[in-house]
Trainee: 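Input: one structure, supplied below.
Because the structure is a prediction, the values reported are computed rather than measured. Here is the naming used below: chain letters follow the sequence lines, and residue numbers restart at 1 for every chain.
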Protein chains: 2
Amino acid sequence: MKKIENREQLNNYLKEYQLESIFNKSLIEHLALYSFEQGEDICSQGDTSQYLYLLVKGKIKIFTSSSEGRKLILSFKTPLYLIGDIEYVQDIDIINTVEAVSPVIMIGIQYQWLKKFGSEYTPLLQFLLETVTRKFYIKSNFLSFNLLYPVEVRLASYLLSISFYDSDAHNDSGLSINRLRDVADLIGTSYRHLNRVIQQLCAEGLIERTKESIIVINRDALSTLANHNIYE
Amino acid sequence: MKKIENREQLNNYLKEYQLESIFNKSLIEHLALYSFEQGEDICSQGDTSQYLYLLVKGKIKIFTSSSEGRKLILSFKTPLYLIGDIEYVQDIDIINTVEAVSPVIMIGIQYQWLKKFGSEYTPLLQFLLETVTRKFYIKSNFLSFNLLYPVEVRLASYLLSISFYDSDAHNDSGLSINRLRDVADLIGTSYRHLNRVIQQLCAEGLIERTKESIIVINRDALSTLANHNIYE
DNA sequence: ATACAACAGGGACATATGTCCTTTCCGAAA
DNA sequence: TTTCGGAAAGGACATATGTCCCTGTTGTAT
């Protein structure tokens, strides 16, 4: 991580994401920009947490690992995204590892300044409350969905979600399709089994596999299989 | 659900749980007590949400159901516990079903009063933020744990958690052991498979099964099997 | 052109788990 | 005491999934 000494750039991000009203003057003075290289960890599970971060540029991957090395990707995120909120309020160690998937820029502020200047500042409290409740809702749906449905349904849902995005902004979706190991970690299965299910969906004519991508052929059937659920 | 017209009883609960400072005068005027019978639904998944509730007496069960009728129990809760917070802030329908496991008493307030008198009241915002972040942390750990570990590990963890409690307050734990169907729903497996795993743990000498309970024999081995994780 | 390493996909086998149905036991009612 | 219904447990079978390892392909270096 590298601190960016560029107050103007920081102010531009505050303006771009309309964050000026969330932080009061005393807080804004302690905001700073930080950059992370692709592949770098922003936070590591189990470490002491000290910063509240706001992702303002790039893409990150959030995941958790079990003591057996089993890895569960919780999500990929792009701006605007808040990191360290739960840890700040609960005063606990970092819950999940956050890794930069591309070069990343964050606005960061140390917890001590939040405690000093922010704990009774209504706009910040409202912003945190709104953000945390939305994350709660999305994450609990994601994890419940993974628990309640077989891999076939989860994969269908995932494929729908990325092809839905791809019709808008080409390949700026949650995950490039040719990193199937990440897809396996995201939907909570082994790489081997993911390939089985992909093969089966190809055999059923719902999707087609090319060298570097998977094409949705029968969107309606896939949607039915996915129970009309879409990964967010 | 039945409204309890007893202002003194309400004030007693506010005092008992030190809630008077969380709600301002205008909010307290709109608080009310409600009672629910055992087995009654307090909220139903998918319904419109209108009330923020605080559980002040009894025990509840929170669960979600899939469209195939698969049921996942998220937790059992006793006082003090907040319901409807995510739905209030996000303005969405009820996420999970909440059912009274025993006769239950709740403090309730309609969202309209919260919006009118509470959305800028710092103590309430702080209380909501603190509560929501704690729930987020506990629930995401619970669901991740269910996803990352096999049933054997999850059952071991569950048995440790209830026997840990039972050494304190007899049978006031999350679940009475002889409703194994609920245990199956809580740890996310079928009733059949749960019985297999119980049988196997008995054969290995870690637990012993009697007519109405399961006794932990080898607590250390169970703890090792559970990866030193305990269901909260 | 060749060699080697890394990556991707699949075979074989095993285990975990779900589904369906049967048997046994227990409690309540007649 | 007998009967019946419900609940609990397990047998049998099938499917879902994980693990391990092998084969083939591709890209890079010599």
Trainee: Could you tell me how far apart A:Arg181 (CZ) and C:dG10 (C1') are, to the nearest whole angstrom?
Mentor: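 Spelled out: CZ on A:Arg181 to C1' on C:dG10 is 12 Å.
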Trainee: Report the C-alpha distance between A:Asp182 and A:Leu186 in whole Å, list the side-chain angles of each, state the deciding distance to 0.1 Å, and finish with yes or no for side chain to side chain contact (heavy atoms under 4.5 Å, CB included).
Mentor: CA-CA 6 Å; A:Asp182 275 350; A:Leu186 181 72; over 6 Å; no
Trainee: Can you tell me how far apart CG (B:Leu222) and CD (B:Glu204) are? Round to the nearest 0.5 Å.
Mentor: 10.0 Å
Trainee: Which is it for B:Ser65 and B:Thr97 under the side chain to side chain contact (heavy atoms under 4.5 Å, CB included) test, yes or no, and what are the steps along the way?
Mentor: CA-CA 8 Å; B:Ser65 303; B:Thr97 301; 5.6 Å; no
Trainee: Kindly determine whether B:Ile92 and B:Ser49 satisfy side chain to side chain contact (heavy atoms under 4.5 Å, CB included), including the steps that lead there.
Mentor: CA-CA 7 Å; B:Ile92 52 180; B:Ser49 183; over 6 Å; no
Trainee: Expressed as a whole number of angstroms, how long is the span from A:Gln200:CD to C:dG10:P?
Mentor: 13 Å
Trainee: Using a cut-off of under 3.5 Å, enumerate the N/O to N/O pairs linking the protein to nucleotides 26-28 of chain C.
Mentor:
unit_1 : atom_1 : unit_2   : atom_2 : d
C:dC26 : OP1    : B:Lys211 : NZ     : 3.4

Trainee: OP1 or OP2 of D:dA9 sitting under 4.0 Å from any side-chain N/O of B:Tyr191?
Mentor: yes
Trainee: How about A:Lys57: does its NZ atom have over 12 heavy atoms from other parts shown lying under 6.0 Å from it?
Mentor: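 Atom NZ in A:Lys57 is not crowded, with 12 or fewer foreign heavy atoms closer than 6.0 Å.
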Trainee: Looking at A:Thr189, I'd like to know whether one of its side-chain N or O atoms comes within less than 4.0 Å of OP1 or OP2 on D:dG18.
Mentor: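 For D:dG18, OP1 or OP2 has a side-chain N or O of A:Thr189 closer than 4.0 Å.
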Trainee: Let me know the distance between CG of B:Asn195 and C1' of C:dA16, rounded to the nearest Å.
Mentor: 16 Å
Trainee: What's touching nucleotides 19-24 of chain D from the protein side, N or O pairs under 3.5 Å?
Mentor:
none

Trainee: Would one find a side-chain N or O of A:Gln199 under 4.0 angstrom from OP1 or OP2 of C:dG9?
Mentor: no
Trainee: In whole Å, I'd like the distance from the CZ atom of B:Arg154 to the P atom of C:dA16.
Mentor: 13 Å
Trainee: Ignoring hydrogens and geometry, is there a side-chain-to-backbone donor-acceptor pair from A:Ser223 to A:Arg219 under 3.5 Å?
Mentor: no
Trainee: Send over the distance from A:Asp182 CG to C:dC7 C1', rounded to a whole Å.
Mentor: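 Checked: the CG to C1' distance equals 14 Å.
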Trainee: Select one nucleotide: of D:dT17, D:dG10, C:dA8, the one nearest the side-chain heavy atoms of B:Arg209.
Mentor: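 Of the candidates, D:dG10 comes closest.
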Trainee: Hey, could you give me the CZ/OG distance between A:Arg70 and B:Ser144, rounded to the nearest 0.5 Å?
Mentor: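 One gets 11.0 Å once the value is rounded to the nearest 0.5 Å.
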Trainee: Counting distance only, does the side-chain N/O of B:Arg154 pair as donor-acceptor with the main-chain N or O of B:Phe145 below 3.5 Å?
Mentor: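 Pair absent, no side-chain N/O of B:Arg154 close to backbone of B:Phe145.
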Trainee: Tell me: CG of A:Leu72 to P of D:dG18, nearest whole Å?
Mentor: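 Distance, rounded to whole Å: 12 Å.
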Trainee: So, A:Tyr17 side chain and A:Val56 main chain: donor-acceptor pair closer than 3.5 Å or not?
Mentor: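 At least one qualifying donor-acceptor pair exists.
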Trainee: When the distance from CG of A:Asn146 to P of D:dA16 is rounded to whole Å, what number comes out?
Mentor: 17 Å
Trainee: Given atom CD of A:Glu152 and atom C1' of C:dG18, what is their separation to the nearest angstrom?
Mentor: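 One finds 15 Å between C1' of C:dG18 and CD of A:Glu152, rounded.
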